[in-house]
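Here the structure comes first, spelled out in structure tokens, and everything after it is commentary.
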There are 2 protein chains.
Amino acid sequence: MVTIDEVARRAGVGRTTVSHALSGNRHVAPSTRDRILAVVNELGYQPNAAARSLVSRRTMTVGLIIPLDLDILAENRYTDFIVGVGDRLNDHGYRLLCLIDRNPAPLDVQRLLRSNSVDGTLLLQVRTIDTRVEALVAEGRPFVTMGRPRDTTGIVRADGDFSTSAVTAVDYLTHLGHSQIGFVATGQDRMPMFGFQWYALQGFRRAHRLHHLPLHHSRIIYHERETEPSLEAALAPIFDGTLAVTALVTTTFVGAVLIMQLLNAHGWRVPEDISVIALGDPRNTMLPLPSITVVRFSVADLAREAVDLLVGMLEGRQPSRLEHLVPIELVIRGSTAPPAQLRLITTARVQTV
Amino acid sequence: MVTIDEVARRAGVGRTTVSHALSGNRHVAPSTRDRILAVVNELGYQPNAAARSLVSRRTMTVGLIIPLDLDILAENRYTDFIVGVGDRLNDHGYRLLCLIDRNPAPLDVQRLLRSNSVDGTLLLQVRTIDTRVEALVAEGRPFVTMGRPRDTTGIVRADGDFSTSAVTAVDYLTHLGHSQIGFVATGQDRMPMFGFQWYALQGFRRAHRLHHLPLHHSRIIYHERETEPSLEAALAPIFDGTLAVTALVTTTFVGAVLIMQLLNAHGWRVPEDISVIALGDPRNTMLPLPSITVVRFSVADLAREAVDLLVGMLEGRQPSRLEHLVPIELVIRGSTAPPAQLRLITTARVQTV
DNA sequence: TTGAAAGCGCTAACAG
DNA sequence: CTGTTAGCGCTTTCAA
């Protein structure tokens, strides 16, 4: 193993000079520096990360906390987040340490921070009420969430603008003539599980108020997990005719696909019998037929923004804002259409004329 | 920040005793140990990772090298690998450092290893000829590849059994009555780009020999990227009638989906006009209609095996074998059927009888 | 059963 | 412009 002393010896200088020649923290005579760099290149010297971080108190590493909810298909899209984060961290010269956890694990978060393994932390898949966020706050170290808990006090966060997403979805559906719209999310006891679903629900409610549409709570449909059986149970009121809806807003793209398969299995045609619109980023997901109308945002942009916020904090800059919301965009595809009875009327009219 | 000396002081012992009480490397009187652990708990002490690895020369961290080929949809499924690896590393008490790279980056690999940031390395998405593997070999540190390059000399590796996958696919297709089978892979100059495609091609060739089927090289179809335009160009001979095939073996599930969309767009029905069979793990991918017949294997098992091999090496155990192949399994779904003309004959017969 | 002391490789005062 | 020196927090000889 090549050490800084070895380089210094070969270059005929003190180790301080080598250190500064590499860090640029103080001026080194060009001739000396060239000699040092030549030796560094020749030996392939690379400063020992542990020694460096022990004394500098920085690891140049960021932790990404990834919860593992194996039956939640959202994991599908972790890649976009992980790759987006890693790629952007590279630009800033930081490394990426992934903490992948099966359990909620506030304790693992504590271990990670107290061992000084990372300078800062990013949090993925934030829940409406998230114990990991609390653990992070308690440690008092810089962190940024990708997604938002319900209570955002003092939290620096980047997220898709899910509230506006839901408003946009409802706007579009009402524009098509729908007024009985269902909202589907994972959750229990009238509380969505993930933060993005909570904010989407706020938007969903707000849109109903804006349009003076009545909204019965039964149209807010919770399912425990993003699995077929769980969704099947949650959607039962629709299939047995107890709940009347002409359109569904789903909070995930994967959920939309599952729901469409279920609808299909029960003999409902999309979009003829019921419209489906998804919120989220479908970039990496296969498009089933009919293709799904979606209010999307860029996960890559979200990742990039989160990293920039965190790195800024690590370099001592105050974040200019606590919250960054990535803009959303409505992509109209084949899973939405005017509700059945309206279409009939329209057809009749056209025939009349 | 709490240090070991602080703990020692509060517990009224020397720092050596604290160190051993925590590591278990030497016997500590139970009463002393309890006292120490109480203080540790009270203060939430966690040994500094840098200090520890500086002296112990171990980081308890494994590097995962993830290439970034943004237009290759295979990235879709990185999640399975990353999560599989991270989860298994947890079991062994190791951390996961992700090196996410846009470029081939043998240099980054060098930096990672020479800075002693990781004890060992895992490699993802191995190419048929892979410069990163060479860089890794040159460093002389433990590493395991997930996937195999063509030349496996001295490399410890875990992979899906793609050769057998391809044999199985051809077996099944010939069983259905096909004899003109195409093979689709990313690549150039008659060389598949990724190792798994190279091994699949070996199996594809072997199966033809076993079945005494002639195999013209034009049936091995290369496309530059896993994108629609690229595939469209590669499949042109099929669409313009120059190349006669009744079935296609694709080396990725995503490729199969794209191909089916293209076939559809050109008016070919699957499986009526042409059968499609995919190799790989479709766990996280949406099922389009018709659902795709696939020869699959478990990425989670692959990740687990790779981690176990690597950790074994890190703990000084010689790997019992250099190569571990995850078993494959044929899942028959809706994208395969007997070739068109055969079916007609069958139908005729039935009618005659 | 325990502690003192050395030193891992590096950065950054401090002193020339 | 450059070098000497003192640690960073820990593990591990070595000695008691």
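Note on naming: letters A, B, ... go to the chains in the order of the sequence lines (proteins, then strands), and numbering restarts at 1 for each one.
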To the nearest Å, how far apart are A:Leu54 CG and C:dC10 P? 12 Å
Do B:Val144 and B:Met313 have side chains that get closer than 4.5 Å, going by heavy atoms? yes
Just the rounded figure in Å: distance from C1' of C:dC10 to CE of A:Met60. 16 Å
For the pair made of CZ in A:Arg35 and C1' in D:dC1, what is the distance, rounded to whole Å? 13 Å
Check against side chain to side chain donor-acceptor pair (under 3.5 Å), A:Thr153 and A:Asp151: CA-CA 6 Å; A:Thr153 324; A:Asp151 176 11; 2.3 Å; yes
Is there any protein nitrogen or oxygen under 3.5 Å from a nitrogen or oxygen in nucleotides 10-14 of chain D, and what are the pairs?
unit_1 : atom_1 : unit_2  : atom_2 : d
D:dC10 : OP1    : B:Tyr45 : OH     : 2.6
D:dC10 : OP1    : B:Asn48 : N      : 3.0
D:dC10 : OP2    : B:Ile4  : N      : 2.4
D:dC10 : N4     : B:Arg15 : NH1    : 2.3
D:dC10 : N4     : B:Arg15 : NH2    : 3.3
D:dT11 : OP1    : B:Arg52 : NE     : 2.8
D:dT11 : OP1    : B:Arg52 : NH2    : 3.0
D:dT11 : OP2    : B:Ser19 : OG     : 3.0
D:dT11 : O4     : B:Arg15 : NH1    : 3.0
D:dT12 : OP2    : B:Asn25 : ND2    : 3.3
D:dT12 : O4     : B:Thr16 : OG1    : 3.2

Just so I know, are the side chains of A:Leu136 and A:Glu139 near enough to count as touching, which here means a heavy-atom distance under 4.5 Å? no
Should the pair A:Asp301-A:Arg304 be classified as a salt bridge under the 4.0 Å nitrogen-to-oxygen rule? no
So, does B:Thr17 get its side chain near the phosphate of C:dT2, meaning an N or O under 4.0 Å from OP1 or OP2? no
Sub-4.5 Å side-chain heavy-atom contact between A:Leu89 and A:Thr61: no
Closest contact, heavy atoms only, B:Arg141 versus B:Asp119: NH1-O, 4.0 Å
Would you mind classifying the nucleic acid contact of A:Thr32 as base, sugar-phosphate or nothing, using non-hydrogen atoms under 4.0 angstrom? sugar-phosphate
